[in-house]
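Right, one structure below, let's go through it.
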Amino acid sequence: MGGAVNCPSVMNILFGYIILTVFLVLVCMEPNQVEARVESPYPPDYELKALHEIAAELGKKDWNFSENPCNNKSSWFTLPPTNGSQAINNSTVTCNCSFTNGECHIVVMYVLLVLRI
C-alpha cells in the first residue's frame with residue numbers, strides 16, 4: 001500500500017519560474033508612450049500673402065516664410081520677456097486651428113519694433 005509521491009520534476013519547476021518571471025516583467029514594465037505630433041496646416045494663401053506684404057512694409061527680415069507660421073516655432077513665435085527684461089523685435093503670430101474644416105487662420109499678430117533715430 002505504499003503510494004508513490006508525486007514530485008514535480010526539476011524541469012517543471014524551472015519552466016514555472018520562467019513563466020512567472022516573464023509574466024512579472026511584462027506586468028511591471030511601464031508601457032512606452034508614443035507621442036504623435038501633427039503639424040498644423042498652413043493658413044490660406046491670402047493670409048500668407050498679407051504676411052509677406054506686412055513684412056515688406058515693416059522691413060522685417062527675420063520671418064522665415066519657408067516655415068509654417070502656425071507652428072509656433074522659430075521666427076514666428078517669440079517667447080514673452082521674463083523677469084522684467086524687454087523683448088526687442090518681438091514677433092508672434094498666433095493661429096486658430098480649431099475650425100471644423102481643418103483650416104488654420106491667423107487670428108493675432110504681435111509685432112514690436114524698436115526704432116532707432
- Message: Quick check for you: to the nearest 0.5 Å, what is the distance between Lys49 atom NZ and Ile54 atom CD1?
- Response: 12.5 Å
Using a 3.5 Å cut-off and no angle test, enumerate the donor-acceptor pairs between side-chain atoms of residues 96-104 and protein atoms at least two apart in sequence or in another chain.
| from | atom 1 | to | atom 2 | distance (Å) |
| --- | --- | --- | --- | --- |
| Asn96 | OD1 | Ser98 | N | 3.0 |
| Asn96 | OD1 | Ser98 | OG | 2.6 |
| Asn101 | OD1 | Glu103 | N | 3.2 |
| Glu103 | OE1 | His105 | NE2 | 2.8 |

- Message: Quick one, Asn68 and Pro43 - any side-chain contact, counting heavy atoms below 4.5 Å?
- Response: yes
- Item | Reported CD1-to-CG distance for the pair Ile106 and Leu51, which is rounded to 0.5 angstrom | 4.0 Å
- Connected-component partners of Val107 among ILVMFWY, side-chain separation under 4.5 Å: Val108
- Mind checking whether Cys70 and Val93 have side chains closer than 4.5 Å, heavy atoms only? no
- Residue pairs fulfilling ring pair (Phe, Tyr, Trp, His ring centres under 6.0 Å) with at least one residue in residues 39-68, sequence neighbours excluded: His52-Phe65, Trp63-Trp76, Phe65-Trp76
